[in-house]
Protein chains: 2
Amino acid sequence: MRLVVATCSVEYAGRLSAHLPSAVRLIMLKADGSVSVHSDDRAYKPLNWMTPPCTMTESDRTWTFANSKGETLTITLDEVHLDATQALGSEPGLRKDGVEAHLQELLAADPTTLEDGMRLVKREYPTDIGPVDLLCRDADGRAVAVEIKRRGEIDGVEQLCRYLERLDLDGRLRPVRGIFAAQLVKPQARVLATARGIRCVEVDYDELKGLRADELTLF
Amino acid sequence: MRLVVATCSVEYAGRLSAHLPSAVRLIMLKADGSVSVHSDDRAYKPLNWMTPPCTMTESDRTWTFANSKGETLTITLDEVHLDATQALGSEPGLRKDGVEAHLQELLAADPTTLEDGMRLVKREYPTDIGPVDLLCRDADGRAVAVEIKRRGEIDGVEQLCRYLERLDLDGRLRPVRGIFAAQLVKPQARVLATARGIRCVEVDYDELKGLRADELTLF
DNA sequence: ACGTTGAGATTGCCG
DNA sequence: CGGCAATGTCAACGT
């Protein structure tokens, strides 16, 4: 990565045209071939940029970046205040533990959020077509399979149905009903679920986090 | 702006949780109070960031950024390779000549989109109160002034009226009529324009681009 | 390759 | 202040 702080003006001509009058800015040249121009505001957003692949041509005090679509970014350097090149090496990768996993954790910790009297039997309860998010017993002791999604769409309902079909083969569980839990249940998914006798529960993630936090503070 | 290149690991806990194992990265601290962590790829996008307002607490080798929503970004510095602070001063501002300029270009290239038989006389035709976007001649050879906006609102109609007033003073052009072209003409603007004998034309930007592309492929 | 969809989206506008 | 739409949206995923 090369970091250049310079007094510069910038032109972008592409899907739109943009002009930046001369001022001191950071020019970030990454190993991936991209360039971005940052001011001291706008948080993480650059004023202008060019994504790879683009070719850089350097002539006198002007850097021009062009891509195959004919878009160009032209930086005219008036004065360079810093020019540092640093080898960063490869990025080991960003691990995102998304909302779905966290939702499962929270609902497993307190299944009564789904329904009064609900008790957890097991998280990731295995079937021969994959694990069910939660297996519970309701207030009457009947088995309930819970599928958890961040966004509840048709696919998720189908998935839950397949699990229910498998679980129903187990005499110790039968009859098993289903609950489809999501932060947001799409109308189409709700229709399908209801038609198949599956209850939909919309869970408020922030509220759930709040509840857990409250409970934790009690102890 | 402060630029730190360091071997570091990063944790983000907020709307989602994310973890970055130790590696060499750029940490950009802006004067606006924001922080962003960049790898040598992903073009202009940071791996993690925190937008202002957020408070930074520094303890030993750990920087923690927190905002009022309880989101936190934690950076643990293992080794610092570069630490440069640069005063950038204020950003004079980005000028975007977006869709409006492009619309003008496209309509100038083919004024028949506005009206059958229309021919371009000049783009940015000067008057003593500013340039008219397009000056044309219609099928009957009469002068037509065109004002182009992305969103057609009352101001734009007023602007066009002022131009018409000036142009009508020119014996070689008189009488000049007006066309108000926009991607979207607001009802109030349409009422005013119609009342003043100005025709409104809504132009489909994508269609226009498509047409031009089609025409270009013919040659 | 192309279309669809989500994003820690952000940003500006309108009601 | 809250909802809606545009963004040089970008990026991931499925067909």
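Just so we're on the same page: letters track the sequence lines, and every chain starts at 1. What you see below is based on every heavy atom in this structure, not just the backbone, and it leaves out hydrogens, waters and symmetry mates.
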Check nucleotides 11-15 of chain C for protein N or O atoms closer than 3.5 Å to its own N or O atoms and list the pairs.
{"residue": "C:dC14", "atom": "OP1", "partner": "B:E153", "partner atom": "OE2", "Å": "3.4"}

We want to know whether [X] and [Y] form a side-chain donor-acceptor pair, criterion being a heavy-atom distance below 3.5 angstrom.
X	Y	value
A:H102	B:S17	no
A:H38	A:K45	no
A:R151	A:Q183	no

inquiry  = Here's a test for you: under side chain to side chain contact (heavy atoms under 4.5 Å, CB included), which of B:P52, B:P46, B:P53, B:C54 qualifies with B:S34?
reply    =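 Among the candidates, only B:P52 passes.
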Side chain to side chain contact (heavy atoms under 4.5 Å, CB included) partner of B:F180, chosen from B:I148, B:V146, B:L160, B:T194 =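 In the set B:I148, B:V146, B:L160, B:T194, the residue that makes a side chain to side chain contact (heavy atoms under 4.5 Å, CB included) with B:F180 is B:L160.
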Output the rounded distance in Å from [atom1] ([X]) to [atom2] ([N]).
X	N	atom1	atom2	answer
B:D41	D:dC10	CG	P	16 Å
A:L47	D:dT9	CG	P	18 Å
A:F65	D:dG8	CZ	C1'	17 Å
B:M50	C:dG8	CE	P	14 Å
B:L16	D:dA11	CG	C1'	15 Å
A:H102	C:dG8	NE2	C1'	15 Å
A:I154	C:dT4	CD1	C1'	15 Å
A:E71	D:dT7	CD	P	14 Å

inquiry  = I'd like the P distance from C:dT5 over to D:dG8, given in whole Å.
reply    =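 Per the computed distance, 22 Å lies between those P atoms.
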request  = Indicate the atoms forming the closest heavy-atom contact of B:A108 with B:L134, along with that distance.
outcome  =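 Nearest heavy atoms, B:A108 then B:L134: CB-CD2, 3.8 Å.
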ask   = Considering only side-chain heavy atoms of A:Y44, which listed nucleotide, C:dT10, C:dG8, D:dG8, is closest?
value =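 Looking only at heavy atoms from C-beta outward on A:Y44, the closest nucleotide is C:dT10.
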